[in-house]
Amino acid sequence: MTDEADLTALLRRRIALEGPITVAAFMAEALGHPRFGYYMRQDPLGRSGDFITAPEISQMFGELVGLWCANMWQAMGSPSRVRLVELGPGRGTLMADALRATRRVPGFHAAVELHLVETSPALRERQRSTLSGEDLPPRHWHGSFADVPDGPMVLVANEFFDALPVHQLQRGDRHWHERLVDFADGKFRLVVSPHPSPLAALLGPRFADAPAGSIAEVCPAALSLAGSIAARLVEGDGAALIVDYGPSRSGPGETLQALRHHAAHEVLADPGAADLTAHVDFEALARAAVQAGAAAHGPVPQGVFLARLGIEARMQVLLRGATEAQRQAVVSGGRRLIEPAQMGTLFKALALTHPDLPVPEGFAA
Ligand code: SAH
């Protein structure tokens, strides 16, 4: 029994018993602890929350992604049953916009079964209310992708992979050593393991010449998830769209960051109180998917991807008959999604598909 009632106390105790823990273990607890984890506590999204995401910025994002999904379903030969899967649906906004935009795609809604993968009880509630309505396809919630049934699927994940726990390695004179989180002098602090880390085997070729002192982040959870998504696509047919932030190519660098109320926060201070994310290594995800037999397309910058999907035309449609205030919201939302200085370049889209499917919309130059 313990009467310690916050995550700092629990992690301190764990470190006292086991010794320093990995950055990934710290991140996993800070985000996912069933009682004190950041995502377990409340809805962190939106203007009044800690961060805001593309579907919350503009309805055009979910609409275009929805049409992309319907398009992939048609490329698959319009199977009579398809699982539309979303990982980490947040408030359910992307999916609601996607479904509205695809209502008139012949046969699509009749084929769709929704599978939403969400661990947060608060956000599940929110998704249930956003996605209520008689005319919507049947909905199912799961705690993990592994619980989604097999079969043809189209999967989307926006700002999901950045929340998966990363390990940090630091280059010594000859080897990579894992950074660990210790507790001393009243706070969490980073230490470096004296032993070479076996996780160095997961680093791609671009890390080979990194100088001493370089930091590398590896996310085994993301690699194994990309591998299992790919294996499902190969077996059951389908496609996956992963949108997140990170560079096109792998490379050394420290990107783990904490955000609270839209401002940077110290990563190790106050676990559970701030969102923790790290850049997604798209090159590593693509490699894991290709090893599992899928085809990988991209990553392409979000601005380029949305332009190819026709965001300009969609914007024109929304502007017709809009009030001045609505016009401003449509235009500023659209700009925010595509402009290089905003989300247009840092965010990327990566598609994984069954190898026999054509190059997905938005990925052909
Ligand atoms: N896709 C949404 C929300 C992004 S925030 C949007 O674009 O607005 C990340 C989402 O992933 C939240 O819904 C969070 O609760 C969920 N999440 C985080 N880690 C998860 C995990 N390991 N398994 C399932 N869901 C997770």
Side-chain angles (χ1 to χ4, degrees), residues 24-66 68-69 84-98 114-131 140-148 155-166 219-226 228-229 240-246 257-260 262 271-272 274-278 280 302 305-306 333 336-337 343 346-349:
F26 183 90
M27 186 174 175
E29 294 281 22
L31 294 180
H33 184 279
R35 189 153 152 229
F36 304 117
Y38 177 76
Y39 279 113
M40 298 305 132
R41 304 196 321 174
Q42 72 265 318
D43 172 3
L45 284 147
R47 283 182 179 79
S48 56
D50 290 323
F51 58 94
I52 185 162
T53 57
E56 301 298 331
I57 289 171
S58 169
Q59 68 183 77
M60 292 187 283
F61 187 81
E63 291 170 346
L64 294 171
V65 167
W68 186 92
C69 293
L84 185 53
V85 181
E86 185 173 2
L87 306 182
R91 293 179 165 179
T93 310
L94 185 159
M95 191 51 79
D97 292 337
L114 286 181
H115 290 271
L116 304 155
V117 177
E118 176 59 68
T119 41
S120 154
L123 288 174
R124 270 192 195 201
E125 269 324 297
R126 184 77 194 227
Q127 292 154 22
R128 270 186 225 285
S129 77
T130 311
L131 298 169
H140 306 273
W141 275 265
H142 309 279
S144 137
F145 173 69
D147 301 329
V148 174
L155 176 147
V156 296
N158 185 60
E159 290 211 45
F160 174 81
F161 278 82
D162 64 16
L164 298 180
V166 294
C219 189
L223 301 180
S224 66
L225 180 57
S228 23
I229 291 170
L241 179 66
I242 297 168
V243 183
D244 224 307
Y245 77 125
Q257 61 157 355
L259 262 191
R260 191 170 189 196
H262 300 269
D275 186 31
L276 293 180
T277 61
V280 170
Q302 174 170 295
F305 178 65
L306 294 176
R336 201 159 159 198
L337 295 182
M343 296 174 81
L346 178 57
F347 282 75
K348 311 281 186 314

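Quick caveat, the model's predicted, so the values are computed rather than measured. Order of appearance sets the numbers: ligands from 1, and atoms from 1 within every ligand.
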Exactly one of Leu64, Thr93, Asp97 should register a side chain to side chain contact (heavy atoms under 4.5 Å, CB included) with Gln59. Which one does?
Asp97
Test item: Glu159 and Phe347 side chains (from C-beta on) under 4.5 Å apart, heavy atoms
yes
Any nitrogen or oxygen of Asn158, main chain or side chain, under 3.5 Å from a nitrogen or oxygen of ligand 1?
yes
Side chains of Leu116 and His142, heavy atoms from C-beta outward: is any pair under 4.5 Å?
no
Within-4.5 Å side-chain heavy-atom neighbours: Leu337 and Gln302
yes
Heavy-atom nearest neighbour in the protein, as seen from atom 22 (N) of ligand 1, with distance rounded to 0.1 Å:
Leu164 CD2, 4.2 Å
Quick one: are Asp275 and Arg260 in side-chain contact, heavy atoms under 4.5 Å?
no
For atom 2 (C) of ligand 1, which of Gly88, Pro55, Ala54 has the closest heavy atom?
Gly88
Check each atom of ligand 1 against the heavy atoms of Glu159 and keep those under 4.0 Å away; list them by number with element.
4 (C), 5 (S), 9 (C)
Quick one: nearest non-hydrogen protein atom to atom 15 (O) of ligand 1, plus distance?
Glu118 OE2, 2.5 Å
Are any of the side-chain heavy atoms of Phe61 and Met343 separated by less than 4.5 Å?
no
Could an N or O of ligand 1 be found under 3.5 Å from any N or O of Ser120, whether backbone or side chain?
no
Considering only heavy atoms from C-beta outward, does the side chain of Val85 approach that of Val156 to under 4.5 Å?
no
Does any N or O atom in Tyr39 lie less than 3.5 angstrom from one in ligand 1, N or O only?
no
A student checking ligand 1 against Thr119 at a 4.0 Å heavy-atom cut-off should list atoms 20 (C), 21 (C), 23 (N), 24 (C), 25 (N), 26 (C)
What do you reckon, does Gly90 have a nitrogen or oxygen under 3.5 Å from a nitrogen or oxygen of ligand 1?
yes
Quick one: which ligand 1 atoms are inside 4.0 Å of a heavy atom on Thr53?
6 (C), 7 (O), 8 (O)
